[in-house]
Number of protein chains: 2
Amino acid sequence: MASGRKKQFDEQTALEAAMNVFWQKGYVGASLTDLTQRMGINKPSMYSAFGNKEALFIKATQCYIDTKVAPHVDLLFQEGVIFKERLKNHMMSIVSMQCNADQVKGCYLALCQSELLSDDIPEQAQQILKKADVMTSEMYTKLFNSDAESIEIGLNKNAKANGLSIYTILKGTASMARSGIDKSELEYSIDRMLIGIGVH
Amino acid sequence: MASGRKKQFDEQTALEAAMNVFWQKGYVGASLTDLTQRMGINKPSMYSAFGNKEALFIKATQCYIDTKVAPHVDLLFQEGVIFKERLKNHMMSIVSMQCNADQVKGCYLALCQSELLSDDIPEQAQQILKKADVMTSEMYTKLFNSDAESIEIGLNKNAKANGLSIYTILKGTASMARSGIDKSELEYSIDRMLIGIGVH
DNA sequence: CTTAAATTATACCGCTAGGTACAATTTAAC
DNA sequence: GTTAAATTGTACCTAGCGGTATAATTTAAG
């Protein structure tokens with residue numbers, strides 16, 4: 001018989017702002033003041049909408065995966081494009097995102113995963129970060145293992161190693177992107193490293 | 001006409017302990033309690049011996065460079081070994097260090113450099129981290145540019161790109177090592193990526 | 001117009017951060 | 001053995017942390 005004041009902020013917009021803070025500062029380095037300021041709300045609003053810092057982080061991480069990672073994954077399975085081009089398109093698209101001047105440079109996940117050894121990340125946050133790492137690794141292995149063209153070329157024989165190589169390259173470009181290296185330099189590097197893996 | 005109590009700890013030993021904490025937690029994540037506990041001293045002793053957290057960090061960083069990085073650099077210039085083997089030895093040696101189970105996994109410098117965008121690293125600490133980054137990059141470029149064998153093979157024509165590729169690979173292995181990937185997996189990846197760069 | 005539910009702002013909690021004052025202790029020169 | 005310099009341990013400072021109690025505000029149903 002009554003139904004209170006309306007929320008004066010958009011939850012999704014606020015979540016994206018939080019995502020950018022974690023992207024820039026990592027889990028430990030992002031303070032509630034940093035977060036709520038950039039979200040444009042105060043602490044009680046944040047706590048009522050998201051729970052606590054860890055819960056906010058988990059949602060922000062999922063937001064990053066959905067909006068900043070998933071689109072590139074689609075390129076891996078695009079119909080009518082040969083395997084090598086699909087893989088290259090995928091990697092180039094990721095690097096382009098990592099270097100985009102309109103957002104934080106580098107990779108949100110790579111940064112926060114590097115904090116895992118610190119013992120300062122709460123349990124559930126650890127889990128989502130580790131899960132994202134394992135799933136990415138497995139995705140590449142499975143790609144080399146299952147893709148019809150990959151099997152044709154024989155890349156499935158070293159599926160796990162091939163997958164890890166791709167992942168290693170992308171972790172490298174993420175790190176370089178954070179340091180401010182130009183996209184073009186990284187694209188060139190990727191192009192040639194793929195040759196060594198047998199993708200050319 | 002008097003000369004006080006003797007220091008009850010070894011400064012170098014304490015510095016190495018501090019190095020390990022920064023290696024594990026980064027600059028922001030390493031608290032004075034973490035640091036002094038692992039150094040086995042209390043705060044006033046630390047402040048009198050090293051100045052403050054930033055000064056301790058700068059010395060710890062230099063300690064890392066001297067003891068954990070420099071040895072691998074020597075392998076790049078070893079006499080009586082061909083260029084490609086020198087480069088490979090260098091990279092394998094670094095990866096072996098990054099994966100060593102007896103110490104923190106991954107790279108101290110890569111971790112702390114990833115904190116640079118956070119705006120939470122004091123001025124001088126920023127400078128030493130950026131300088132280490134630039135110098136590493138330049139070292140590889142110069143290697144490809146100046147090494148007699150590199151010139152012979154024609155690798156000097158893409159010296160900058162080649163150097164950046166090497167650096168990118170090593171940033172990638174550093175990140176993977178921190179996640180706990182086996183050394184053998186990374187060695188295999190390096191071996192094949194080098195092929196793409198023309199080092200085989 | 002009242003009322004109850006929801007969101008807001010303010011002010012605060014206990015705790016830990018980086019850093020320090022000070023007194024107690026140890027040392028070697030005299 | 002005294003004395004002055006250096007290091008140690010304890011106890012504390014202010015500021016900021018993650019988190020919350022409370023009261024003021026806004027809202028729509030009755």
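So that the names make sense, note that chain A is the first sequence line, chain B the second, and so on, each numbered from 1. Only a predicted model underlies this, so the values are computations on that prediction, with no experimental measurement involved. Side chains included, hydrogens not; waters and symmetry mates left out as well; all remaining heavy atoms used.
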* To do: Answer yes if the ring centres of B/Phe57 and B/Tyr64 are under 6.0 angstrom apart, and no otherwise.
  => no

When the distance from [atom1] of [X] to [atom2] of [N] is rounded to whole Å, what number comes out?
{"X": "B/Arg5", "N": "D/dT7", "atom1": "CZ", "atom2": "P", "result": "10 Å"}
{"X": "B/Lys7", "N": "D/dT7", "atom1": "NZ", "atom2": "P", "result": "5 Å"}
{"X": "A/Phe9", "N": "C/dA9", "atom1": "CZ", "atom2": "C1'", "result": "14 Å"}
{"X": "B/Glu11", "N": "D/dT7", "atom1": "CD", "atom2": "C1'", "result": "12 Å"}
{"X": "A/Phe57", "N": "D/dG19", "atom1": "CZ", "atom2": "P", "result": "14 Å"}
{"X": "A/Gln8", "N": "C/dA6", "atom1": "CD", "atom2": "C1'", "result": "11 Å"}

* Residues in side chain to side chain donor-acceptor pair (under 3.5 Å) contact with B/Glu16, at least two apart in sequence or another chain ->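 With neighbours one apart ignored, the set is B/Gln12.
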
* Asked: Taking DNA chain C as the partner, which of residues 23-47 of chain A come within under 4.0 angstrom of it by heavy atom?
  ->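 Hits under 4.0 Å, by residue number: A/Asn42, A/Pro44, A/Ser45.
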
* Per A/Asn52 side chain, nearest of listed nucleotides D/dG19, D/dT8, C/dA28 ->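 Side chain of A/Asn52 sits closest to D/dG19.
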
* To do: Just compare D/dT26, D/dT8, D/dG18 and give me whichever is closest to any side-chain atom of A/Lys53.
  =>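 When the side chain of A/Lys53 is considered, D/dG18 is the closest of D/dT26, D/dT8, D/dG18.
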
* Asked: Any side-chain donor paired with an acceptor under 3.5 Å for B/Ser45 and B/Asn42?
  ->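 A pair is found: one side chain offers a donor N or O, the other an acceptor, under 3.5 Å apart.
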
* To do: Please determine, by modelled atom types, if A/Tyr27 and A/Asp120 share a side-chain donor-acceptor pair under 3.5 angstrom.
  =>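 Result is no, nothing qualifies.
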
* To do: Mark yes or no for whether B/Thr173, through its side chain, and B/Leu170, through its backbone, hold a donor-acceptor pair below 3.5 Å.
  => yes

* Would you say the side-chain atoms of A/Lys53 pair up with the backbone N or O of A/Ala30, donor to acceptor, closer than 3.5 Å? -> yes

* Asked: If only side-chain N and O atoms of B/Lys6 are considered, is one of them under 4.0 Å from the OP1 or OP2 phosphate oxygen of C/dA28?
  ->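 Yes, because at least one side-chain N or O of B/Lys6 sits under 4.0 Å from OP1 or OP2 of C/dA28.
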
